[in-house]
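In what follows, a structure is listed as structure tokens, so that the remarks can point back to it.
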Amino acid sequence: MRLTDVQAGWRDRARRFAAGRIAPLADQIDRQQATPASVLAAMREEGYLGAALPARWGGGELDPVSYGLVTEEIGKACSSVRSLMTVHNMAAQALTALGDRHQRQRWLPELCTGRKIIAFALSEPGAGSATRAIGTRAVEVGDGYLVSGTKKWITFGQIADLFLVFAHCEREPVALVVDRHSDGLTVTPVTDIFGTRGSMPAEVRLDDVRVPRSHQVGPTGAGLGFVANLALDHGRFSVAWGSTGIIQGCLDACVSYTGQRTQGDRTLKDHQLVRRHLTDMLVAHTAAQAVCYRSACLRETGDPRAVMETALAKYHAAEAAIRVANDAVHLHGANGCTTDYPVARYLRDATVMGIVEGTHEIHQVTLADYAFQRPYLR
């Protein structure tokens with residue numbers, strides 16, 4: 001598709017930023033399992049933490065294509081940093097759409113500018129994709145709730161100022177904004193994860209944490225069907241574009257490596273099987289980007305098919321990223337198994353893309369249903 005000048009400008013700006021400020025630190029972020037404060041500050045200064053949020057509150061209010069392109073460039077440089085942009089925007093998006101006037105006035109100015117970070121606290125040790133199995137409970141007490149339960153794998157939970165927590169209140173799901181400094185809330189880092197190792201995940205334990213009713217987002221009963229699903233839809237869109245960035249990163253790495261590495265008197269790129277892999281990578285990136293563009297355009301127009309087409313884009317791009325990253329490691333041979341080249345990190349990060357915001361298996365079930373009812377795109 002043909003980009004507008006604004007969209008191309010956001011892409012080019014993000015490409016320069018990612019190449020200059022994030023990519024040089026990507027391996028360090030991976031090894032140290034933390035995103036440096038300097039990177040967080042740079043993301044905040046560039047406006048990426050509020051990129052998808054309303055301008056009236058200080059956000060960038062990027063159109064879906066621009067936001068996707070920015071996400072792709074940052075995802076190419078470092079999936080851990082991209083995941084911060086994803087979870088912060090997805091939780092804040094839910095608050096923007098479903099929070100009341102007082103909630104938006106209270107929290108959005110700091111969230112849109114990135115002065116505060118909000119984490120999406122849905123997953124639990126025994127409930128990941130099975131969201132209705134969450135065990136966290138909220139008991140009504142006076143003008144609020146007492147919340148108890150444990151959330152796990154909470155991206156950037158180690159540094160989040162606020163948590164969008166999902167719980168059941170007498171079998172009805174509720175969504176609550178919980179302050180990090182609430183009595184009874186304990187944050188424990190989760191370390192040595194397989195991929196996106198710099199995303200600073202945490203386990204968040206809540207022991208009778210008192211949450212005012214004014215912190216409830218949306219009505220009782222809407223916690224999962226509306227609040228969580230709205231946030232997850234944005235998350236899938238971001239992960240789809242981030243996966244496309246991983247594919248581009250793998251292709252760039254392999255073009256560089258095979259163009260320099262020799263075998264006998266020939267460079268690797270001159271071997272037919274190597275060229276086949278490079279072709280497959282190129283096609284994978286083109287196809288993944290195409291379904292992401294389609295999803296973005298449908299979101300821009302408010303098309304009712306956008307939610308399922310976003311899930312389709314996430315499923316396709318994440319699956320392609322895993323396949324391409326695996327081939328990239330093989331093209332690098334033993335070097336691909338070391339930290340001297342980025343492809344091992346790309347493979348680990350790509351594997352995570354197939355799990356977050358809905359596993360491959362969950363998407364296979366829902367997309368099969370969509371196949372039976374999908375109206376033709378025109």
Side-chain angles (χ1 to χ4, degrees), residues 9-53 57-60 62 66-67 69-92 107-120 153-163 180-181 187-202 238-239 241-242 245-246 248-249 252-253 339-342 344-346 348-349 352 356:
W10 276 106
R11 180 201 59 196
D12 295 345
R13 174 183 163 192
R15 182 172 296 169
R16 291 191 298 270
F17 173 79
R21 303 292 296 275
I22 300 177
L25 298 175
D27 287 332
Q28 172 191 322
I29 291 170
D30 185 67
R31 290 194 306 271
Q32 296 182 356
Q33 303 186 52
T35 299
S38 61
V39 173
L40 298 176
M43 290 285 287
R44 185 180 300 115
E45 291 166 6
E46 292 294 318
Y48 295 138
L49 294 186
L53 303 178
W57 301 110
L62 270 63
S66 295
Y67 180 81
L69 291 167
V70 169
T71 304
E72 179 180 14
E73 294 299 332
I74 293 176
K76 173 187 169 183
C78 180
S79 282
S80 292
V81 176
R82 189 273 314 151
S83 67
L84 169 62
M85 184 175 165
T86 296
V87 298
H88 179 76
N89 277 275
M90 66 190 278
W107 288 308
L108 285 182
E110 291 187 304
L111 295 178
C112 286
T113 57
R115 290 194 300 269
K116 283 191 175 181
I117 302 297
I118 186 168
F120 185 73
W153 318 113
I154 308 307
T155 301
F156 280 92
Q158 294 179 34
I159 63 170
D161 301 288
L162 300 170
F163 298 93
R180 180 189 189 87
H181 301 293
V187 176
T188 303
V190 175
T191 58
D192 298 323
I193 61 175
F194 183 71
T196 60
R197 289 167 63 84
S199 62
M200 304 175 76
S238 185
V239 169
W241 279 98
I246 290 176
Q248 183 64 63
D252 290 351
T339 57
D340 295 333
Y341 297 86
R345 170 168 52 84
Y346 283 140
R348 289 186 285 103
D349 290 348
V352 174
V356 296

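Numbers here are sequence positions counted from 1.
Using a distance-only test at 3.5 Å, with no hydrogens or angles considered, a donor-acceptor pair links the side chain of Arg180 to the main chain of Gln158. At distances below 3.5 Å, at least one donor-acceptor pair connects side-chain atoms of Arg197 with backbone N or O atoms of Ile193. Between the side chain of Arg348 and the main chain of Phe194, a donor-acceptor pair closer than 3.5 Å is present.
Annotation: the span from Glu72 atom CD to Arg15 atom CZ amounts to 8.0 Å, rounded to 0.5 Å. If you take CD1 on Ile22 and OH on Tyr48, they are separated by 8.0 Å, rounding to the nearest 0.5 Å. Separation of atoms CG (Leu162) and NE2 (His181) is listed at 9.0 Å; rounding is to 0.5 Å. With rounding to the nearest 0.5 angstrom, the CG atom of Leu53 is 4.5 Å from the SG atom of Cys112. Note that the CZ atom of Arg345 and the CG atom of Asp30 stand 6.0 Å from one another [nearest 0.5 Å]. Going from atom CE of Met90 over to atom CD1 of Ile118 covers 10.5 Å, rounded to the nearest 0.5 Å.
Heavy atoms only, all atoms of each residue included: Met200 and Ile159 are closest at CE-CG2, 3.4 Å. When all heavy atoms are compared, the tightest approach of Gly195 to Val352 is CA-CG2, 3.6 Å. Across all their heavy atoms, Val70 and Met85 have their closest contact at CG1-CE, 3.6 Å. Minimum interatomic distance between Asn89 and Gly50 (heavy atoms only, all atoms of both residues): OD1-C, 3.8 Å. Pairing each heavy atom of Ser79 with each of Thr196, the nearest pair is CB-CG2, 3.8 Å. The nearest pair of heavy atoms linking Gly242 to Thr71 is N-CG2, 4.0 Å.
Shown here are the salt bridge (Lys or Arg N to Asp or Glu O under 4.0 Å) partners of Asp252, two or more places apart in sequence or in another chain: Lys76. Scanning for ring-ring contact (aromatic ring centres under 6.0 Å, His included) contacts around Tyr67 gives His234, with sequence neighbours left out.
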Side chains of residues 32-39: which donor-acceptor partners sit under 3.5 Å, not counting sequence neighbours?
| from | atom 1 | to | atom 2 | distance (Å) |
| --- | --- | --- | --- | --- |
| Gln33 | OE1 | Asp192 | N | 2.7 |
| Gln33 | NE2 | Asp192 | OD1 | 3.0 |
| Thr35 | OG1 | Gly198 | O | 2.8 |

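Checked by atom type, the side-chain pair Ser199/Ser83 shows no donor-acceptor distance below 3.5 Å.
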Might you work through the side chain to side chain contact (heavy atoms under 4.5 Å, CB included) test for Trp10 and Leu69, ending with a clear yes or no? CA-CA 8 Å; Trp10 276 106; Leu69 291 167; over 6 Å; no
From CA spacing to verdict: side chain to side chain contact (heavy atoms under 4.5 Å, CB included), Thr86, Val356: CA-CA 11 Å; Thr86 296; Val356 296; over 6 Å; no
Test side chain to side chain contact (heavy atoms under 4.5 Å, CB included) applied to Ile117 and Leu84, step by step: CA-CA 9 Å; Ile117 302 297; Leu84 169 62; 4.1 Å; yes
Given Val190 and Trp153, is the side chain to side chain contact (heavy atoms under 4.5 Å, CB included) satisfied, shown in steps? CA-CA 7 Å; Val190 175; Trp153 318 113; 3.6 Å; yes
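One finds a salt bridge joining Glu46 and Arg13 here, because a Lys/Arg side-chain nitrogen approaches an Asp/Glu carboxylate oxygen to under 4.0 Å.
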